[in-house]
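In what follows, a single structure is set out as structure tokens and then discussed.
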Number of protein chains: 2
Amino acid sequence: MENNSAQHLTGADFVGGAVTAIARLIRENDLKPGDRLPAEAKLSKDLQVSRTVIREALRSLAALRLVELGAGKRPTVAELDDASFSMTIEHGVVTDQIDIQQIYDARRTIEARTAALAALRRTEGEVRAILSHAKAMAENFDNSDEVMEHDLAFHLAIAKASKNPVFALIIGAFQGVTRQTWPIGWKSRANDDERRAMNALHLDLAQAIAAGDPQSAADLMNRHFDQSIKALLNAGLI
Amino acid sequence: MENNSAQHLTGADFVGGAVTAIARLIRENDLKPGDRLPAEAKLSKDLQVSRTVIREALRSLAALRLVELGAGKRPTVAELDDASFSMTIEHGVVTDQIDIQQIYDARRTIEARTAALAALRRTEGEVRAILSHAKAMAENFDNSDEVMEHDLAFHLAIAKASKNPVFALIIGAFQGVTRQTWPIGWKSRANDDERRAMNALHLDLAQAIAAGDPQSAADLMNRHFDQSIKALLNAGLI
DNA sequence: CCTATTAAACCTGTACTACAGGTTTTAAAA
DNA sequence: TTTTAAAACCTGTAGTACAGGTTTAATAGG
């Protein structure tokens, strides 16, 4: 039987208090993704605040992706998700608090590591996925949207193969802003040869990971980012 | 004169739609931190949804730290803040989706880079702050809480001196969970000599940054994390 | 006894009203 | 012009109502 009880709130910030109380409920009852929280009415009674306050608190937690909401369903504990960090990053870029070069520098730092870790830890299935995205980039050479999506999926697949969800979270969160600048880098590459070189680099990287060579994988990833940043500089974007 | 108008919503997910619409309002009107958004009543009228929906949407955006709310005040655009990502990380740890070693590996990867960048870009003021935290760690040797807080501040100061807000954001977000495990690493160090060695390492690192030596700074940061992870392994934590 | 169907109970999403108390703007006074 | 006071504006919380989705319980059929 569940013991999801919570103590009633005191103090000023009702919604904030409810957010904290519900987060504590998850922690102290060892709730895991998929587990159900008490209904709004019960939380309202337990915490001694109106349903209005509970709803706003649950909405806050849903925005942060700690819980999931659905019509008619009780709130459930959510799986780890990059959507919330993605919003933060996008906000930073939109409001000029982060620029694109800073995103790329962070990506290079992290992805040199995910490439090395992926080379050490990848499963056969992950190797196939990574290789298939690299090949799809070359095969869809004329459709830049396709190339971009496979590029993004390629990098995320490597992050996942690193077996560190923190890296996957961060790289996933960068995808939103990357989608907005990627075409600029693609167009700014002087000619098709440069674009083909980029695709070839992806293939080499995939093969280094497949071969289990962390040093080469990291080196190739760094080289890839050097080229990408140079292309964005040429475009005057950064 | 402001032109904060928004088009009315259509479709099913009212709150989600309002979140998107308000985020778009920020983007399309080039609003910056501190700028005011329309009042709830106006948003309600513009988007053709009840104030209830608008309030839940604003709470969502406040949870993500895109906006700031205050009694009597209109919502304002918020500055970049690590609180939202911090909640994500903590949720991942609490629900066993992230473990401590993964946090430390991510930190090592990123902080080797922030140390190198700080060595290249730090201002005099930043050097003073970094050095003062390293010294305070040694001086408060007997008060582990003090040591911990200066340790955290030391690492964050380096991240800020790297001049890449993305790194500062990520390192800041790790502080919450780090506070929960740091004492374990401290206690698990076999004797005071090991603890003193850790403090000495911080001082060396601070001096490498002060000297503008990125290679040494990165090396020392990596060595520091090797020791920390070893200490946590000894404690059986990971 | 087990399974399938149906009804009831439960629950969330949205809208609306009301008002206390905080904030900003406006208007009046000095 | 500056200060002060009033008015207008705005958010925070509580509560009611109801449509429509979901889960659970009860019922029927095998």
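Throughout, a chain's letter reflects where its sequence line sits, starting with A, and its residues are numbered from 1. Keep in mind the model is a prediction, meaning the values are calculated, not measured. Scope of the values below: all heavy atoms of this structure, side chains included, with no hydrogens, waters or symmetry mates.
- The distance from atom CG of B/L58 to atom P of D/dG12 is 9 Å, rounded to the nearest whole Å.
- An OP1 or OP2 oxygen of C/dT25 is reached within less than 4.0 angstrom by a side-chain nitrogen or oxygen of B/R36.
- Atom CD of A/E68 and atom P of D/dG21 are 19 Å apart (whole Å).
- Here D/dA8 presents its P atom at 21 Å from CD of B/E40, a figure rounded to the nearest Å.
- Comparing atom distances between the A/E56 side chain and each of D/dT13, D/dC10, C/dA15 picks out D/dT13 as nearest.
- At the phosphate of C/dC16, neither OP1 nor OP2 sits under 4.0 Å from any side-chain N or O atom of B/R51.
- In summary, A/R113 and B/D105 engage in a salt bridge, as defined by a charged side-chain N under 4.0 Å from a carboxylate O.
- Within the 4.0 Å cut-off from OP1 or OP2 of C/dG13, at least one side-chain nitrogen or oxygen of A/R55 is found.
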Working note: A/H155 + A/H150, criterion ring pair (Phe, Tyr, Trp, His ring centres under 6.0 Å); need CA distance, chi angles, decisive distance, verdict.
CA-CA 9 Å; A/H155 286 273; A/H150 283 292; over 10 Å; no

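- Using a cutoff of 4.0 Å between basic side-chain nitrogens and carboxylate oxygens, A/K160 and A/E126 are not scored as salt-bridged.
- One distance of note links CD1 of A/I170 with CD1 of B/I170; it measures 4.0 Å at 0.5 Å rounding.
- Along DNA chain D, the nucleotide nearest to A/K73 and the one nearest to A/V15 differ in position, and the one closer to the 5' end is contacted by A/V15.
- If you take CG of A/L69 and P of C/dT14, they are 11 Å apart, rounded to a whole angstrom.
- Across the protein-nucleic acid pair, A/L43 atom CG and C/dC11 atom P stand 11 Å apart, rounded to whole Å.
- Distance from the side chain of A/S50 is smallest to D/dG15 among C/dT14, D/dG15, D/dG21.
- Across the protein-nucleic acid pair, B/D13 atom CG and D/dG20 atom P stand 17 Å apart, rounded to whole Å.
- When rounded to the nearest whole Å, the span between CZ of B/R74 and P of D/dA8 equals 18 Å.
- You'll find that the side chain of B/R59 is closest to D/dG12, out of D/dG12, C/dC16, D/dG15.
- Other residues, nucleotides and ligands contribute only 12 or fewer heavy atoms inside 6.0 Å of the CD atom of B/E79.
- Along DNA chain D, the nucleotide nearest A/Q48 and the nucleotide nearest A/A71 are compared for position; the residue whose nucleotide lies closer to the 5' end is A/Q48.
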